[in-house]
Amino acid sequence: MYPDVSVIIAAYNAEHTIGRAIRSALDQDGVSVEVIVVDDKSSDGTTAVARSFSQPNIKVLQLAKNAGPGHARNVAVDAARGRWIAVLDADDEMSPDRLSTMLKRAENAGAVIAVDNIGVIDNGNGKSYQMFPTSRLEELGKITLPMFIASNLVFGSTFNYGYMKPVFRRDFVQDSHLRYDENLRIGEDYLFLASMLASGGECIVEPAAGYSYHVHAGSISRTLKHHHVSSMIEADALFLSRFQFDSQAKSAQARRTRNLEEVRNFLILVDHIKRGSVHNIVKMAFDDPAAFRFLYMPIGVRIKRLIPSFMSRNPFPKHGRTKQQSGV
């Protein structure tokens, strides 16, 4: 007999958190589950911790080489037997009633995808909060493709629905021939859910926060590199060529593409600042001055600290200054 839900966990060097994630998946009330852990060639004890669980409804697969989260999730999806599949990150966890609540809401609505609110836990200061106001999600009801694309702007101030971890019908994904993009190391979750929506999948929203998202030390400016964003731009181009879009989705995608281009150039600018490359900084000021605006958002605060010492050593010529640089 097949389980109601296959909980898939792609893991890499997660020995300190994988046990918590697995326990939260095994402790689900009201639904039958199987847990599939795919270790993406960790160098720590991730596999050992996962295999320490003796329950018969857990399967642990260890990849022969590190291939990224997209490949690990595809392996997990291929191994899944549940009617539904739930995505869980190796450093996160779920409340015991999460899956039963989401399946009930999705099946009552006839939807093939369900997402829910997120409880954010800051491991640095111990504080926790909900990512989205409950009232906003109650009013939202469903997430459409244009809405989902529009919310996914890097360094954006809008509500980003890309953080939501979906529960989706396995047969829908199989019949639609959908796969995670294995070329992406960052952004593969966004593209997979966007592809489900573009394939006609209806996505219902559960306003309650059943998923706990753990925030660790460090910022996206430290982990996100310009080659990651270049890969996202390329993946989005393939996404556009594969599916048909209405005018709202096309407009949202145009804004997202421009956002990714600006972010990529901002990250290139950060590299130039760190290297003290005056010529390249001035050139970028003319080629894409919009990239400089991220220096005046919270994400750029750490980078801005590099500028005074850099400027004292390498002052810009007067004709090379821009409004973005002067703060006008």
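Residue indices begin at 1 and follow the sequence shown.
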Ionic contact status for R83 with E107, cut-off 4.0 Å: yes
Test item: L61 and D39 side chains (from C-beta on) under 4.5 Å apart, heavy atoms: no
side-chain contact (heavy atoms from CB on, under 4.5 Å) between I118 and M164, worked out: CA-CA 7 Å; I118 298 172; M164 292 173 161; 4.3 Å; yes
Shortest non-hydrogen contact between F239 and A198, atoms and distance: CE1-CB, 3.9 Å
Other residues, nucleotides, ligands: >12 heavy atoms within 6.0 Å of Q174 CD: yes
Point-to-point distance, once rounded to the nearest 0.5 Å, from CZ of R170 to CG of D175: 10.0 Å
M196 and L178, any side-chain heavy atoms less than 4.5 Å apart: yes
Stepwise side chain to side chain donor-acceptor pair (under 3.5 Å) check, D92 with H214: CA-CA 6 Å; D92 294 336; H214 287 261; 5.4 Å; no
For the student: nearest non-hydrogen atoms of A252 and P146, plus distance: CB-O, 3.7 Å
Separation of S212 OG from D91 CG (nearest 0.5 Å): 11.5 Å
Heavy-atom check, side chain of V120 versus side chain of V215, under 4.5 Å: yes
Test item: S6 side-chain N/O and A80 main-chain N/O as donor-acceptor pair under 3.5 Å: no
Interatomic distance, H228 atom NE2 to I233 atom CD1 [nearest 0.5 angstrom]: 13.5 Å
Interatomic distance, L140 atom CG to N117 atom CG [nearest 0.5 angstrom]: 11.0 Å
Hydrophobic cluster membership, V7 vs Y12, 4.5 Å side-chain cutoff: no
Any donor-acceptor N/O pair, D116 side chain to A209 backbone, under 3.5 Å: no
D181 vs L184 side-chain heavy atoms within contact, under 4.5 Å: yes
Chi angles and distances behind the side chain to side chain donor-acceptor pair (under 3.5 Å) call for T134, Q130: CA-CA 8 Å; T134 302; Q130 283 195 173; 3.1 Å; yes
Student check: side-chain heavy atoms of I8 and V38 closer than 4.5 Å: no
Value rounded to 0.5 Å, distance of CG in N57 from CD in E34: 8.0 Å
N259 side chain vs R255 backbone, donor-acceptor pair below 3.5 Å: no
Whether S176 side chain and V173 backbone form a donor-acceptor pair below 3.5 Å: no
Ion pair R258/E261, N-O distance below 4.0 Å: yes
I121 backbone acceptor or donor facing S128 side chain under 3.5 Å: no
Test of ring centre spacing under 6.0 Å for Y163 and Y190: no
Heavy-atom donor-acceptor pair, S151 side chain to Y161 backbone, under 3.5 Å: yes
side-chain contact (heavy atoms from CB on, under 4.5 Å) assessment of Q28 paired with V31: CA-CA 7 Å; Q28 292 298 300; V31 292; 4.1 Å; yes
Heavy-atom pair with the smallest gap, counting every atom of L103 and V5: CD2-CG2, 3.7 Å
Derivation and outcome, side-chain contact (heavy atoms from CB on, under 4.5 Å), residues V35 and V60: CA-CA 8 Å; V35 181; V60 181; over 6 Å; no
S251 side chain to Q248 backbone, donor-acceptor under 3.5 Å: no
Test side-chain contact (heavy atoms from CB on, under 4.5 Å) applied to M102 and W84, step by step: CA-CA 11 Å; M102 293 181 75; W84 293 81; over 6 Å; no
Side chain proximity check, I9 to I36, heavy atoms < 4.5 angstrom: no
Salt bridge flag under 4.0 Å for residues R73 and D189: yes
Atom CD of Q55: over 12 foreign heavy atoms under 6.0 Å: yes
Aromatic plane relationship, F192 with Y180 - under 30° parallel, 30 to 60° tilted, over 60° perpendicular: parallel
Check: D40 main-chain N/O paired with N66 side-chain donor or acceptor under 3.5 Å: yes
S230 side, atom OG; K225 side, atom NZ - distance, nearest 0.5 Å: 13.5 Å
Between F168 and F172, ring centroids under 6.0 Å: no
Any side-chain heavy-atom pair of L240 and Q253 under 4.5 Å: yes
S32 side chain vs P3 backbone, donor-acceptor pair below 3.5 Å: no
Donor-acceptor under 3.5 Å (T46 side chain, A14 main chain): yes
D89 side chain reached by K165 side chain, heavy atoms, under 4.5 Å: yes
Residue pair L88 / A25: nearest heavy atoms and the distance that separates them: CD2-CB, 4.3 Å
Within one Ile-Leu-Val-Met-Phe-Trp-Tyr cluster: I204 and L99, side-chain cutoff 4.5 Å: no
Nearest non-hydrogen partners of A10 and A72, listed with the distance: CB-CB, 3.7 Å
Residue pair D29, R98: steps toward the salt bridge (charged side-chain N to carboxylate O under 4.0 Å, His left out) verdict: CA-CA 8 Å; D29 295 328; R98 180 185 185 237; over 6 Å; no
Minimum heavy-atom distance between L238 and S241, given as atom pair plus value: O-OG, 2.7 Å
